[in-house]
Amino acid sequence: MKKIIKFMKSNYKIILPVILLAGILLSFNIKQKQDPEKEKILLGLIRSALTQGHYQPHEIDDEFSNAVYTNFIEGLDPAKRFFTQEDIKEFEKYKLQIDDQIKAENLSFYRVVTSKYLQRVQEAKGFYKEILKHPFDFSKDEIFDIDYDKKEYPKNEVDLIINWQKQFKLTTLSRLHSKIEAQEDKQKEDANAELKTFTELEIEAREATLKSMEEFFDYKDDEDDEDWYSIFINSISTEFDPHTTYFAPRTKKKFDIDMTGKIEGIGARLQRKGEYTRVDELISGGPAWRDGNLEVGDIITKVAQADGEPLDIVGMRLDDAIEFIKGKKGTEVRLTVKKLDGSTQVIPIIRDVVEIEETFAKTSIVKKDGRKFGVIDLPKFYIDFSERNFRNSASDMALEVERLNKENVEGLVIDLRNNGGGSLDTAIDIAGLFIEEGPIVQVKYKDGKPKIRSDKDYRIQWNKPLVIIVNEISASASEIFAAAMQDYNRAVIIGSKQTYGKGTVQNYMALNRYFDYDKDLGALKLTIQKFYRVNGGSTQLKGVVSDVALPDRYAYMNIGERDETNSLKWDKIESAEYKVWDGYSNFDEAVNNSKKRVVENEQFRLIDNNAKWLKEGQDDTTVYLNYEKYKEDLKNREEQGNKFKAMYEYKNDLSFTSPSYEVESLKQDSILAKKREIWHKNLSKDIYVEEALNIVADLKVKKEKTLVKN
């Protein structure tokens, strides 16, 4: 209470008009575009699909009700800037009623919460301009905690306004610091450059925040019942598991199960995490991948078109944020991102079309100690049935392996880092290139015995040493392939401590196929199966544990299925019958040699220390609102980060070239040649590929077997 009184006394010119505006807005007649019939039908359909079709149905009881209650409120207001504790008390009577309401297709809880949400949005829309009329005092010792999960809801309307004021202050402070830095850089170039005062820059920064908030509330105006109802349905579906997701009609139209790899824009897959837009994957060969500055895990906070004013996308719907990030080939987008180390960076990217060729498997040849080895990068397990002679990763990999044999390559490294999966059939076929025959994966529905999926081709197209590189983002089909090669003792798996751990299979269901209705009901992505290794263990949660764990930047981060809420548990079934490949004479020795090299390697030590430092930065969620302390904090963080510069300057002294079959194509295609040049340059700085090549050179095969020709 003292804090509120003090705030009101020192800010009465702000707080009084704000409260008056809020009071006026209480009388506004807020309209909702509701469709009760459709919503009840949809709720019944979703309940039926989840309880009857999900791999592991959840009991819809009081515990479930309590979870949906929390999910929905946090889904509507993840940054806790609309609801107050008084509102939460009003909602609490529904905590244990939602399960009964779901069964009865009763939307009382949903209506009460969305009605209050609309009221709070309208109130905020009325008072945010008043707050931003007044200069911020950046000499005050204030802090703001951006860990919204642990943050409490504001006690009441006054506390809520204080919260908004602090958020605006933080946003303005970030802009102000950028403007001051830009002015200092300008002065270094031109000592006579005209400089603006701190006050003038503060006004500019605050006006930019105002403009950003105007756009934010314009998007809020575009939200309707379909958006909120989608959040409500997903509050139910995600209690079953994180991959079971409802797509509202608008989202369904934009949703593309893209197995061919043609992606426009910057070449990144984005995901909504609370209020934020997070980089989930970089598409191999895309503009962001080629640029090299944007990373998985980066949070995009602002988007600017070339030299235009940055637009704040925090709190924006993912679809809308993507629309601003996408654009015509050749145009520039400038992304303001919060890096894993907590620093803020502006990354300019020239938009392009990610050519389909760049998501296909590609091969490089490297000579090491007078011996020749191959590296195949496989970005995904792709297949495209739309082509007449549909090209897929299995046939491409078979061709690459055949070509490497013709070039007398002695060992092979397959890079599955950042490979999120794709076609299971192609993963099975690729595994078959390296063993005679046998089971590759077990697939199980909730009822019935596991179905064993096998390679039935007795040909071995590669009987030489094999090493597979993975990381925390290698998932699904990548894990099936890597797990099979590990269980057969066919390859050494190196990389992150473990892979992503997604051992479930989803089915995409257009709901109108199951209920005859004249309006679009959207779609449901439903978990229906689970993957198991041939040894019986699930890839769920545990993924594939590397034979040689290499330190990486994500080692201590919350990345992977194990860090998701409501993930299905790991379990084990009966092992399939399979014969371990007994081709290596020194498998354990090669693995132990690698582990010793890693422990003694200064670069790997540096990477591990950097990973720990990144985790510390991620856990530090307190931001100074005092300008000098804010600036000092950023400076200290930058100085600490400089200790890790050697990570980015590393070179492995290996020379990578294209295989002979590709040489003629490179002469005729300058764009492809440039892409290969960039890839080979990246490989020459890659310590993980270097260690993979050390292992593959160390591995000894007992005896050569005659390869069966196609």
Side-chain angles (χ1 to χ4, degrees), residues 28-54 57-62 64-77 82 87 90-91 93-122 219-240 244-255 317-320 506-526:
F28 281 10
N29 182 23
I30 302 167
K31 297 178 181 179
Q32 299 181 51
K33 286 184 177 179
Q34 297 174 359
D35 191 339
E37 180 188 58
K38 177 182 172 182
E39 288 170 347
K40 287 185 177 184
I41 289 170
L42 181 56
L43 185 57
L45 266 175
I46 294 292
R47 185 191 72 244
S48 177
L50 291 173
T51 55
Q52 296 178 34
H54 193 273
H58 200 300
E59 188 69 33
I60 298 181
D61 52 16
D62 285 351
F64 184 86
S65 176
N66 192 29
V68 173
Y69 167 86
T70 302
N71 291 345
F72 183 50
I73 292 170
E74 290 182 353
L76 275 180
D77 187 16
F82 291 109
D87 298 332
E90 182 185 339
F91 304 151
K93 65 181 180 181
Y94 294 98
K95 256 189 179 182
L96 303 181
Q97 296 180 19
I98 302 167
D99 55 325
D100 299 317
Q101 290 188 4
I102 290 171
K103 294 170 186 174
E105 295 168 16
N106 180 338
L107 298 175
S108 299
F109 166 70
Y110 170 75
R111 298 281 184 231
V112 167
V113 175
T114 52
S115 179
K116 179 61 71 174
Y117 174 73
L118 276 168
Q119 175 191 319
R120 293 301 187 202
V121 169
Q122 291 299 321
Y219 287 109
K220 285 293 175 188
D221 283 345
D222 289 338
E223 287 182 346
D224 59 24
D225 206 54
E226 182 178 292
D227 296 305
W228 307 315
Y229 200 64
S230 175
I231 294 172
F232 178 62
I233 293 296
N234 276 308
S235 299
I236 298 169
S237 67
T238 53
E239 272 306 295
F240 283 72
T244 293
T245 309
Y246 170 68
F247 296 90
R250 273 196 300 268
T251 310
K252 181 168 84 68
K253 288 175 184 176
K254 295 179 181 179
F255 181 76
R317 282 188 311 204
L318 181 61
D319 289 342
D320 293 326
Q506 285 71 43
N507 184 33
Y508 184 78
M509 305 163 54
L511 293 174
N512 286 82
R513 291 179 58 189
Y514 301 89
F515 189 86
D516 186 15
Y517 191 61
D518 59 350
K519 296 176 183 176
D520 192 348
L521 294 167
L524 180 68
K525 188 174 69 168
L526 181 69

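Hydrogens, waters and symmetry mates play no part in the numbers below; they use all other heavy atoms, side chains included.
The shortest non-hydrogen separation linking Ser235 to Val68 is O-CG2, 3.7 Å. When all heavy atoms are compared, the tightest approach of Pro249 to Leu521 is CG-C, 4.3 Å. The two residues Tyr246 and Ser230 come nearest to each other via the heavy atoms CD2-OG, 3.9 Å. Of all heavy-atom pairs spanning Gln34 and Asp225, the tightest one is CA-OD2, 3.9 Å.
With contacts defined as side-chain heavy-atom distances shorter than 4.5 Å, the pair Glu239/Asn71 qualifies. Phe232 places none of its side-chain heavy atoms less than 4.5 Å from the side chain of Val113.
At distances below 3.5 Å, not a single donor-acceptor pair connects side-chain atoms of Ser65 with backbone N or O atoms of Asp61. Side-chain atoms of Asn234 do not come within 3.5 Å of backbone N or O of Thr245 as any donor-acceptor pair. A side-chain donor-acceptor contact under 3.5 Å links Gln97 to the backbone of Lys93. With hydrogens and angles ignored, the 3.5 Å screen pairs no side-chain donor or acceptor of Thr244 with any backbone N or O of Leu526. Looking only at distances, no side-chain donor or acceptor of Asn66 sits under 3.5 Å from a matching main-chain atom of Lys95. In this structure, Lys103 contributes its side chain and Ile60 its backbone to a donor-acceptor pair below 3.5 Å.
Remark: Asp227 pairs with Glu223, Asp224, Arg250, Arg317 by the side chain to side chain contact (heavy atoms under 4.5 Å, CB included) rule, at least two apart or across chains. Under the rule for a ring pair (Phe, Tyr, Trp, His ring centres under 6.0 Å), the partners of Phe64 that lie at least two apart in sequence or sit in another chain are His58, Phe240. Looking at residues two or more places apart in sequence or on another chain, you find a salt bridge (Lys or Arg N to Asp or Glu O under 4.0 Å) between Lys519 and Asp35. In this structure, the salt bridge (Lys or Arg N to Asp or Glu O under 4.0 Å) partners of Asp221, at least two apart in sequence or on a different chain, are Lys125. When the side chain to side chain contact (heavy atoms under 4.5 Å, CB included) test is applied to Asp100, no partner is found at least two apart in sequence or on another chain.
The environment of CG in Asp516 is sparse: at most 12 heavy-atom neighbours from other residues, nucleotides or ligands sit within 6.0 Å.
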### Message
Show, in sequence, the C-alpha distance, side-chain angles and deciding distance for Leu107 and Gln101, and conclude whether the side-chain contact (heavy atoms from CB on, under 4.5 Å) test is met.
### Response
CA-CA 7 Å; Leu107 298 175; Gln101 290 188 4; over 6 Å; no
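Using modelled atom types, one finds a donor on one side chain and an acceptor on the other under 3.5 Å when comparing Gln52 with Ser48.
Under the 30°/60° scheme for interplanar angles, the aromatic rings of Tyr117 and Phe82 are found to stand perpendicular. Ring orientation note: the planes of Tyr94 and Phe109 are tilted relative to one another, at an angle of 30° to 60°.
Aromatic ring centroids of Phe91 and Tyr69 lie 6.0 Å or more apart.
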Under 3.5 Å, side-chain donor or acceptor atoms of residues 36-46 against the rest of the protein: list the pairs with distances, not counting sequence neighbours.
unit_1, atom_1, unit_2, atom_2, d
Glu37, OE1, Tyr517, OH, 2.9
Lys38, NZ, Asp520, O, 2.9
Glu39, OE1, Arg111, NH1, 3.2
Glu39, OE1, Arg111, NH2, 2.6

